[in-house]
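Naming: A, B, ... by sequence-line order, numbering from 1 per chain.
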Amino acid sequence: MKTMEDILQIYERLQSRITLDEFKKMVQEKIDLMGGLCDEKTASKLVAHDLGILDMMKIGEISLDQKDVSFMGKVTQVEAPHEFSRDDGSIGRVANTIVSDETGSIRVVLWDELADLVKVNELSAGKILNISGYVKDGYAGIEVNVGRNGSMEFIETDVDVKIKTHKISDIASGMSGINILGKVLNIGEIRRFSRKDGTEGFVSNITLGDETGRIRVVLWNDRTKEKLAPEDVIEITNGYSRENYGRTEIHLDRHGKIEKSSREVSYCEHMTKIADISINESYNVMGTVTEVVEKREFTKGDGSVGKVANIRISDDTDGIQVALWGENADLVDQINIGTQIKIMDGYAKAGWSDSIELNVDWRSEISTKDL
DNA sequence: CCCCCCCC
């Protein structure tokens with residue numbers, strides 16, 4: 001009986017507050033009150049509404065267009081709560097969790113008393129929750145905060161969970177909850193930096209590849225401590241993406257996770273023919289040097305000195321201008337007309353007079369071979 | 001939350 005299913009589904013969200021019998025009684029009262037003008041399902045919704053429960057959504061439907069949302073999901077990740085001081089001197093607590101259902105995952109931020117539930121391990125991975133909160137564009141994308149007017153209840157049911165594993169080619173700027181299985185292609189140095197508040201931080205980059213492409217991953221602080229080697233297959237969880245000088249990169253901060261995996265990943269380098277290059281995209285290109293212009297120094301906006309060298313390369317489809325920036329400019333000292341060049345992650349931009357120029361910068365890799 | 005963006 002379909003109606004009964006619908007009603008039970010609505011009741012699921014109320015079960016921590018009233019018994020099923022009480023609920024059915026309230027539904028009947030509602031029907032009577034409406035003079036028989038509404039059916040059981042509608043009456044159930046009205047009762048739920050009267051009890052302060054909003055229309056329930058699937059996690060995949062939650063967007064910044066909503067203000068307040070209610071949904072049910074399974075806790076798939078919990079982080080240790082952090083303490084902070086409020087201006088009035090009191091100590092606040094905040095805990096981040098990831099909650100998932102069969103349509104997706106979302107970050108749920110719990111404050112104070114709710115965050116304490118994580119501390120005492122009452123809220124842990126696998127628990128099913130009914131959540132009402134407000135949608136916020138957080139630092140790492142969309143999140144739901146359960147504040148004063150929100151609520152969180154434990155419920156006794158199960159939820160199918162589909163943890164989405166992304167492919168590198170699917171990653172666009174502004175995504176959160178990014179999970180990828182990939183192969184480590186490249187590992188950069190760990191750099192230390194000072195924040196405005198005087199504290200110290202660490203950051204490093206790796207390049208990750210899968211069968212759809214390659215992407216730069218920025219590791220922050222403790223994530224830089226992971227012992228990684230080229231060819232390692234890793235699984236990254238709960239990353240977020242941002243755009244940096246025109247290219248999308250994935251960030252992993254304290255909310256993210258890196259784990260080594262024994263699974264296979266077939267990374268294959270996808271090379272693009274020069275004729276297929278269009279602006280504002282990243283490419284891997286192979287070609288022969290047909291022209292070399294001496295490297296030049298120039299003054300940047302901040303007064304410091306920059307270096308650039310321009311060359312031209314060709315393959316069997318076309319030729320293209322290439323700008324070698326910074327340290328890459330020194331490469332012109334060892335290349336000649338006829339040198340074979342392989343560029344990974346070059347970035348095509350509009351050059352002068354309608355041409356396309358392939359930029360080789362600090363995020364690119366370039367190698368040469370003399371025939 | 002870091003550092004490079006810029007030439008002919």
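Scanning residues 188-204 of chain A for heavy-atom distances under 4.0 Å to DNA chain B yields R191(A), F193(A), R195(A), V203(A). Sorted by residue number, the members of residues 213-225 of chain A with any non-hydrogen atom under 4.0 Å from DNA chain B read R216(A), V218(A), W220(A), N221(A).
Screening residues 298-346 of chain A for ring pair (Phe, Tyr, Trp, His ring centres under 6.0 Å), with sequence neighbours left out, gives F298(A)-W325(A). The list of side-chain hydrogen bond (donor to acceptor under 3.5 Å, both in side chains) pairs with a residue in residues 177-188 of chain A, not counting sequence neighbours, reads N186(A)-E365(A). For the salt bridge (Lys or Arg N to Asp or Glu O under 4.0 Å) condition, the pairs that include at least one residue of residues 159-179 of chain A, sequence neighbours left out, are K167(A)-E211(A). Pairs passing the side-chain hydrogen bond (donor to acceptor under 3.5 Å, both in side chains) check and including a residue from residues 272-282 of chain A, sequence neighbours excluded, read K273(A)-D316(A), S278(A)-Y283(A).
For E259(A), there are no salt bridge (charged side-chain N to carboxylate O under 4.0 Å, His left out) partners at least two apart in sequence or on another chain. Under the salt bridge (charged side-chain N to carboxylate O under 4.0 Å, His left out) criterion, R192(A) pairs with E200(A), not counting sequence neighbours. For R93(A), the salt bridge (charged side-chain N to carboxylate O under 4.0 Å, His left out) test picks out D112(A), D116(A), with sequence neighbours left out. Residues meeting the salt bridge (charged side-chain N to carboxylate O under 4.0 Å, His left out) test with E22(A), sequence neighbours left out: none.
Grouped by direct or indirect side-chain proximity (heavy atoms under 4.5 Å, Ile/Leu/Val/Met/Phe/Trp/Tyr only), L181(A) sits with V233(A), V265(A).
Nearest-nucleotide mapping onto DNA chain B: of R296(A) and W362(A), the residue sitting toward the 5' end is W362(A).
Among the atoms of the strands shown, none is found under 4.0 Å from any heavy atom of R254(A). Within the 4.0 angstrom heavy-atom criterion, base atoms lie near E357(A).
Nucleotides of DNA chain B lying under 4.0 Å from heavy atoms of chain A occupy a range whose first and last members, 5' to 3', are dC1(B) to dC8(B).
Salt-bridge check for E269(A) with K342(A): passed, with a basic side-chain N closer than 4.0 Å to an acidic carboxylate O.
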